[in-house]
Number of protein chains: 4
Amino acid sequence: MTATRRGRPPAGPERRNALVQAAYRCLAEGGFERLRMRDVAAGVGIDHSSIHHHFPTKQDLVVAVVDYTTRQFWSTTPPDGGPVERLRHHLATLRQKIVDEPELHIVLRELDLRARRDPELLEIIAGREEGWRSSLRTLLTGAAAAGALAPGVDPATGAELVIATVKGASLASSRAGDVIELLDQLLIRA
Amino acid sequence: MTATRRGRPPAGPERRNALVQAAYRCLAEGGFERLRMRDVAAGVGIDHSSIHHHFPTKQDLVVAVVDYTTRQFWSTTPPDGGPVERLRHHLATLRQKIVDEPELHIVLRELDLRARRDPELLEIIAGREEGWRSSLRTLLTGAAAAGALAPGVDPATGAELVIATVKGASLASSRAGDVIELLDQLLIRA
Amino acid sequence: MTATRRGRPPAGPERRNALVQAAYRCLAEGGFERLRMRDVAAGVGIDHSSIHHHFPTKQDLVVAVVDYTTRQFWSTTPPDGGPVERLRHHLATLRQKIVDEPELHIVLRELDLRARRDPELLEIIAGREEGWRSSLRTLLTGAAAAGALAPGVDPATGAELVIATVKGASLASSRAGDVIELLDQLLIRA
Amino acid sequence: MTATRRGRPPAGPERRNALVQAAYRCLAEGGFERLRMRDVAAGVGIDHSSIHHHFPTKQDLVVAVVDYTTRQFWSTTPPDGGPVERLRHHLATLRQKIVDEPELHIVLRELDLRARRDPELLEIIAGREEGWRSSLRTLLTGAAAAGALAPGVDPATGAELVIATVKGASLASSRAGDVIELLDQLLIRA
DNA sequence: CATGAATGAGGTTTCATTCAT
DNA sequence: AATGAATGAAACCTCATTCAT
């Protein structure tokens, strides 16, 4: 067997990922306000000073977490089908994710707030969000062309509405399902 | 005589309010992550150890800020008129406030996140939000009765949609105006 | 009796001075290499974090020590008499100080080296040394005018020789007495 | 064949020397206060943990640097000629070295201070200095016998004066030239 | 009420060193 | 020999809090 020896944590680049995920969990639990290098280290079972071997500074770790978290969110496999179906599917996926993984969205909201005072994070997050935005616009434009959009809805503004509602709904995940369903209903013609 | 002493900053309950407002400003600028008793004290020009005469502990100050901030938000003079007009007016007021005072809403989002780990805050905030919620329901029910609500919209769910959208829109105040206008348009029949 | 209560360290500006002197002692014992805020604090019997109440940063403390140490050195009451007597007296005083308080000069050498990488210290030290230098020049010029200087000695260069020899001699205080005596003998005509 | 392996940095004893010289450069730049194994390793392009294959501990490296540095200084080829010429030549050489290589002397002063708290270094340095001292005494005794020494100068004390002045002068290399020239002039009869 | 001094827990980071590979 | 990962002690600094004045 070529398995790694037991009793030793498997080092290598996996350790880096493990740290990022541990930091993500800390963030989900206590927000930036309570993000401590010690706790992150404890999360993977190493000494807190060892983190600096992988991430020279706390900010470096934070950046990695932002990258990880945003990637986590915007990695949806786009389905086939017409624009209306794809839009519906997208909204359904969002709804499902908020219900299934509420922490992910909580962390994303935490990032939104942090980015206001951290240009480095802002750049990453804004970049990722821009991808989402343009994707939404494309879907809405397609739906509009198919005559399936509620009348008088500008696709660009519609995209903003979706983004805003999803973000706001994620702050109260228990009601998020109904909210997004209603948004779907109002936005797309039956 | 109950006159304030001459030559001294007017202490008393005004000092308490000043501290709360200073804390609010700190919160708007740096979030809970960077809320420091020292900075709050500096904001009103007193020594940081003096805060404890007004608020025994930091948490006490935070509670007071939550009270102040939520009061700030839900202090809208309800207009006269029919339910539809009142609903429209309410949405317009929300839109205006987000655009005019974006920090207020940022602080409210900060509170939303903090409340997840702070039952004391949760109670206050949830209480205030419940007021907003029931008020929205009343308006929407009235609008529905007047036949002015989009068909198939449950007033309770509609209230949640408004809350979610307003919260999410406040995270990007520059686009909030259009988003809430579109929400109005989709929700209320012309 | 208006004496300060026993059992409590007498606070006030004395504490600041006590810290500077404690830092001076640490410096004398271990040099900058081993200068620790903890040890300085222990030297006056307070918690190490309390130092920051008096000196926001370590560098601030270091600057204060430099000020204290250099002041310590260049505070010689100039005697009356002719230039030759004053010069002789000055050299005798230097000799005495090196023998009596070797640590003072060790610390001064430590400062000389540190100042090479610390512009803030350099400014202070260079300023003080310039005072010494010009004072030496004056004395040597006076001695030259009185025909008491060794022939062919430029007062300015003579001042540098005194400075260099004193500094070097302080590195081996046990031999410093004889060295400075010899310097006196070579520099000043009997 | 004892040839070095191709394509690899020539390891072996050369690596050891390279490390010592890198450490010397670090010392010249930042003193003991800022001497870091990491920086030394970076100076020769290897990982910092690899140093320990050549020097088990930092102190071992320091000892090697002391040996290297002191050897650097006292490796003067003694010239032929009479004692007076040899003395003059020696002083001229010292002057030249301070002017040409000021860092060498700065490092030596750094060592003088460190040796006060490090018996191991003290032994090495004192041993080397003793060689210099006795050599100076011999030269001065010779000069005295030739009637070329300033009257009333004890060779032993004269040697101390030279040592002290050279050390002190090295702390301000820009003025060292004139100072040592004046010392020569005062000590040796024209 | 306000302050200055002090505290102590805890934060991030640094660094020499060790060890398996 | 060299490396990457980990360690643990220790460094400077921050901050809410307490207390005597």
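Numbers restart at 1 for each chain; the letters A, B, ... are given by sequence-line order, proteins then strands.
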Starting at atom CZ of D:F55, determine the distance to atom C1' of E:dT17, rounded to an integer number of angstrom. 16 Å

B:M37 atom CE is separated from F:dT18 atom C1', nearest whole Å, by 13 Å

Nearest 0.5 Å, what's the CG-CZ distance between D:L122 and D:R114? 12.0 Å

Taking C-beta and beyond as the side chain, do A:Q72 and A:L108 meet within less than 4.5 Å on heavy atoms? no

Ignoring hydrogens and angles, are the base of E:dC15 and the side chain of A:H52 linked by a donor-acceptor pair under 3.5 Å? no

Is A:L35 touching bases, backbone alone, or none of the nucleic acid, heavy atoms closer than 4.0 Å? sugar-phosphate

C:D47 atom CG is separated from F:dT17 atom P, nearest whole Å, by 18 Å

Please check the phosphate of E:dA6 (OP1 and OP2 only) for any side-chain N or O of C:H53 closer than 4.0 Å. no

Checking the side chain of D:Y68 only, and the main-chain atoms of D:N17 only, is there a donor and an acceptor separated by less than 3.5 Å? no

Within the structure, does a side-chain N or O atom of D:S50 lie under 4.0 Å from either OP1 or OP2 of F:dT3? yes

Rounded to the nearest angstrom, tell me the gap between atom CZ in B:R36 and atom P in F:dT17. 13 Å

Testing C:T57, C:L19, C:L61 one by one against C:M37 for a side-chain contact (heavy atoms from CB on, under 4.5 Å), which residue passes? C:L61

Is it the case that more than 12 heavy atoms not belonging to C:E29 sit under 6.0 Å from its CD atom? no

Is E:dT18 paired to anything, Watson-Crick or G-U wobble with both distances less than 3.5 Å, and if yes, which nucleotide? F:dA5

Hey, is the side chain of D:T57 poking within less than 4.0 Å of OP1 or OP2 on E:dT17, counting only N and O atoms? yes

What about D:H48, does its side chain sit under 3.5 Å from the base of F:dT3 through a donor-acceptor pair? no

Rounded to whole angstrom units, what separation is found between the CD1 atom of D:I46 and the P atom of F:dA1? 12 Å

Could you work out which one of E:dA5, E:dG4, E:dG11 sits closest to the side chain of C:R15? E:dA5

Between CD of C:E33 and P of F:dC12 the distance, given in whole Å, is 13 Å

Calculate the interatomic distance between C:Q59 atom CD and F:dC13 atom P; express it in whole Å. 10 Å

5' priority, DNA chain E, between B:S49 and A:K58 [closest heavy atom]: B:S49

In whole Å, I'd like the distance from the NE2 atom of A:H54 to the C1' atom of E:dT13. 16 Å

On DNA chain E, nearest-nucleotide positions of A:D39 versus C:I51: which is more 5'? C:I51

Using a heavy-atom cut-off of under 4.0 Å over every strand shown, decide if B:R38 touches base, sugar-phosphate, or nothing. base

